[in-house]
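Every chain is numbered from 1, with letters handed out A, B, ... down the list of sequences.
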Number of protein chains: 2
Amino acid sequence: MSQATRVPQEQRTRAMRTRLLDATVELLAERGFAGTSTTLVSQRAGVSRGAQLHHFPAKNDLVVAAVEHITEARGEALKEAAGALPEGGQRTRHVLAMLAEQVTSPVFAAALELWVAARTDEQLAAAVGPLEQRIGRELHRATVELLDVDESKPGVRELVQATLDLVRGLALADTITDDAARRERILDHWAEVLERELR
Amino acid sequence: MSQATRVPQEQRTRAMRTRLLDATVELLAERGFAGTSTTLVSQRAGVSRGAQLHHFPAKNDLVVAAVEHITEARGEALKEAAGALPEGGQRTRHVLAMLAEQVTSPVFAAALELWVAARTDEQLAAAVGPLEQRIGRELHRATVELLDVDESKPGVRELVQATLDLVRGLALADTITDDAARRERILDHWAEVLERELR
DNA sequence: AAACAAACAGTCAACCCTGACTGTATATTT
DNA sequence: AAATATACAGTCAGGGTTGACTGTTTGTTT
């Protein structure tokens, strides 16, 4: 039992952390920030309370780590979605659809919970702020690339940013009323505007 | 003391409720939904716990009423701002500035807290959903009027809605990063686009 | 003016959540 | 193979929040 080292501690640690963070994201999306008690997380993750507190001494530690976890998850999802993007005339509309899909996922809901929680929690804000700024920049760069537009042209940068903010706004509205039809109509027209204004 | 009825109960009731709801909105903006304990509200309002529980038996009752209170407050603010709106060439840009100002106020922060809380609270959602839909319609109508555009023209309706969602998105981004400069630049360009697209 | 109802004040018990503590098992190092 | 450090398990006390309870004042009705 001692010479045959089957499971290195590093892997065990990573697996344990991943389970905890996945559970945290799930609960954030399902029950919100306040509803995500550390006890629930340990239960959902199938991890003992002691083990949880070993990896994340306080709830803030757990949640901050979950933000980073969310970031990676969002990055992966974006890359995957970008790869499956069709070429052709409707490309702008497809890019918008992809962005909209991104922000209607549970991952966005979890992130939203963190943004709002961070608004009134300095500690959290200190961790979430820089992270979101980084993600924002990456998303902007990716969007410019996907849309294949020339950012040196005046106004283009602002319109791309407006597009991302619009999508966020639509996602926010979606959390309460949830009518996809309205969103689709708006994005249809927005795509047309972008086609005219960006070229 | 008994024949001179100075303060009717109806007024007293209304004053008491107003104080409680104002305090609730303040605390929602300052401390978030979870941080808004009913005890804090009664303290902030200068109202005894018993009086508070007389008017609002449970926290949900208080918060739902606060939503309605927020609605009225937003309506008033909108009317005031609309009255002070300058005429002339830059009108579109001024309307955008007005909308942006609306959603960067503490009232918006309080509303945001409620939206997010309602996302994982059925009871709250049942009260917040219809209310927000009503406000949304009113705001849309007011914006169409302020921008003085023809809604029968195809695409106009969607662009106005997109504008409102964009502003919401900007407001959401503002709660974490708070850079007004970026917002102004985006709205500058969006105003130009709207001028071209809506006419 | 008396009876009644509503508004209001203060206290408190039950509940849940966080994080600290003690003990055990597993992995790594020498 | 022994020693040591880390990972993990279960329990529990402290703090805070909700809403129920009792008593008092003020307004209304007859």
Side-chain angles (χ1 to χ4, degrees), chain A residues 1-24 27-28 30-66 113-114 117 120-124, chain B residues 1-24 27-28 30-66 113 117 120-121 123-124:
Chain A
M1 296 289 176
S2 56
Q3 75 247 35
T5 300
R6 291 287 176 230
V7 187
Q9 79 186 129
E10 193 184 317
Q11 266 185 41
R12 284 162 50 97
T13 296
R14 199 194 321 244
M16 192 64 69
R17 286 177 57 102
T18 300
R19 265 159 67 195
L20 282 167
L21 296 178
D22 282 337
T24 304
L27 284 171
L28 281 173
E30 283 175 28
R31 304 203 171 198
F33 185 83
T36 302
S37 77
T38 56
T39 312
L40 260 180
V41 171
S42 63
Q43 282 171 4
R44 171 74 61 104
V47 168
S48 81
R49 185 134 184 79
Q52 177 191 38
L53 290 172
H54 174 73
H55 290 287
F56 306 101
K59 183 183 181 180
N60 265 338
D61 298 323
L62 178 65
V63 174
V64 167
E113 291 289 338
L114 287 178
T120 51
D121 184 327
E122 273 190 50
Q123 247 194 326
L124 215 53
Chain B
M1 296 289 178
S2 55
Q3 76 247 34
T5 300
R6 290 290 176 227
V7 187
Q9 78 187 124
E10 191 185 319
Q11 265 183 43
R12 285 162 48 98
T13 296
R14 196 193 325 239
M16 191 65 69
R17 285 177 59 100
T18 300
R19 265 158 66 195
L20 282 167
L21 296 178
D22 282 337
T24 303
L27 284 172
L28 281 174
E30 283 175 28
R31 304 202 170 199
F33 184 84
T36 301
S37 78
T38 56
T39 313
L40 259 179
V41 170
S42 65
Q43 283 171 4
R44 172 74 61 105
V47 167
S48 82
R49 186 133 181 80
Q52 177 193 37
L53 290 172
H54 174 72
H55 290 288
F56 306 101
K59 185 182 179 180
N60 263 340
D61 298 323
L62 179 65
V63 174
V64 167
E113 291 288 339
T120 51
D121 184 328
Q123 246 194 327
L124 213 55

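- Note: CZ (R19(A)) to P (dA9(D)) measures 8 Å, nearest angstrom.
- Here the P atom of nucleotide dT17(D) and the CG atom of N60(B) are 17 Å apart, to the nearest Å.
- Here H55(A) does not reach the OP1 or OP2 of dT6(D): none of its side-chain N or O atoms lies under 4.0 Å away.
- One finds a side-chain N or O of S48(A) lying less than 4.0 angstrom from the OP1 or OP2 phosphate oxygen of dA9(D).
- Straight-line distance from the CD atom of Q52(A) to the P atom of dT18(C): 9 Å, rounded to whole Å.
- Taking atom CG on L62(A) and atom C1' on dC17(C), their separation rounds to 14 Å, with Å as the unit.
- Checking dC8(C), dT18(C), dA9(D) against the side-chain heavy atoms of T39(A) singles out dT18(C) as nearest.
- From L20(A), atom CG reaches atom NE2 of H55(A) across 6.5 Å, with rounding to the nearest 0.5 Å.
- The nearest whole Å value for the distance from the CD atom in Q123(A) to the C1' atom in dT18(C) is 14 Å.
- Rounded to an integer number of Å, the gap from CE of M16(A) to C1' of dA7(D) is 7 Å.
- Rounded to an integer number of Å, the gap from CG of D61(A) to C1' of dG19(C) is 11 Å.
- Computed from coordinates, the H54(B) NE2 to dA6(C) P distance equals 8 Å when rounded to whole Å.
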